[in-house]
Amino acid sequence: MSDTLFSRVIVPVASIDDARATTRALASHVDSVAGTVVAVHVVEKAGGAPDKASVEQRERDTEEMFDIVRAQLEGYDVNLETEILYGTDVAETIVEAAHEMDASSIVFTPRGGSRWIRLLAGDVALSLISESDLPVVVLPDEPEVEDG
């Protein structure tokens, strides 16, 4: 079962910390099946309202996130693809992309934040779990191991 789940995974990354945490938790699972990781970031469009930052700035930020994913998957038997997505509903955009990319699952680690913050900001993780018709794998956040 896990061979199938991790053969071609869509990995949404929301920030540099999220990219680091998710890739750290995911690497060994995908490595064990020589799978493909498609790291995606959704540049959220405001749908008529002013955007939070320029698209160019958010695309540069996204490339930094993808660099973290590349660096952390180095040495693993993993094929990496990256894709910047654009949409007004982050969860819906991820699920649509997962279908288009023939993903075996959507994989992420939950981000922190209080219930109030999630309520006010919207809870993408909950929407992915409750609205996706594809398997969604939520991996526990593994603590970062420091050298020395």
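Quick caveat: nothing in here was measured; it's all calculated off a predicted structure. The analysis underlying the following values was restricted to heavy atoms, covering all of them including side chains, and did not include hydrogens, waters or symmetry mates.
In this model, a donor atom of one side chain and an acceptor atom of the other lie less than 3.5 Å apart for H99 and D133. Judged by distance alone, the side chains of T109 and T22 do bring a donor and an acceptor atom under 3.5 Å apart.
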### Message
Test side-chain contact (heavy atoms from CB on, under 4.5 Å) on T23 and I68; report intermediate values, then the result.
### Response
CA-CA 8 Å; T23 308; I68 297 289; 5.6 Å; no

### Query
Please walk me through it: do V38 and V11 pass side-chain contact (heavy atoms from CB on, under 4.5 Å)?
CA-CA 6 Å; V38 183; V11 180; over 6 Å; no

### Task
Evaluate the criterion side-chain contact (heavy atoms from CB on, under 4.5 Å) for residue pair V95 and L128; output intermediate values, then yes/no.
CA-CA 7 Å; V95 172; L128 282 174; 3.9 Å; yes

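Put simply, the side chain of L139 reaches to within 4.5 Å of the side chain of V107, judged on heavy atoms.
Going from atom CZ of F66 over to atom NE2 of H41 covers 7.5 Å, rounded to the nearest 0.5 Å. How far OG1 of T88 is from CD of E44: 8.0 Å, rounded to the nearest 0.5 Å. Here I94 contributes atom CD1 and D89 contributes atom CG; the two are 9.0 Å apart, rounded to the nearest 0.5 Å. L85 contributes atom CG, which lies 9.5 Å from atom OG1 of T62 (distance to the nearest 0.5 angstrom). If you take CZ on F108 and CG on D18, they are separated by 9.5 Å, rounding to the nearest 0.5 Å. The CZ atom of F6 sits 12.0 Å away from atom CG of D31, with the distance rounded to the nearest 0.5 Å.
Placement of I10 and V138 within a single hydrophobic cluster is found when ILVMFWY residues are connected by side-chain heavy-atom separations under 4.5 Å, directly or transitively. Cluster annotation: V37 is not connected to L134 through the hydrophobic network of ILVMFWY side chains, with a link wherever side-chain heavy atoms come within less than 4.5 Å. Cluster annotation: L126 is not connected to V42 through the hydrophobic network of ILVMFWY side chains, with a link wherever side-chain heavy atoms come within less than 4.5 Å.
Between E81 and R8 there is a salt bridge, since at least one side-chain N of the basic residue sits less than 4.0 Å from a carboxylate O of the acidic one. Salt-bridge annotation for D67 and R70: present, with a side-chain N of the basic residue lying under 4.0 Å from a carboxylate O of the acidic one.
Applying the side chain to side chain donor-acceptor pair (under 3.5 Å) test between R60 and each of E64, Q57, E63 identifies Q57 as the sole match.
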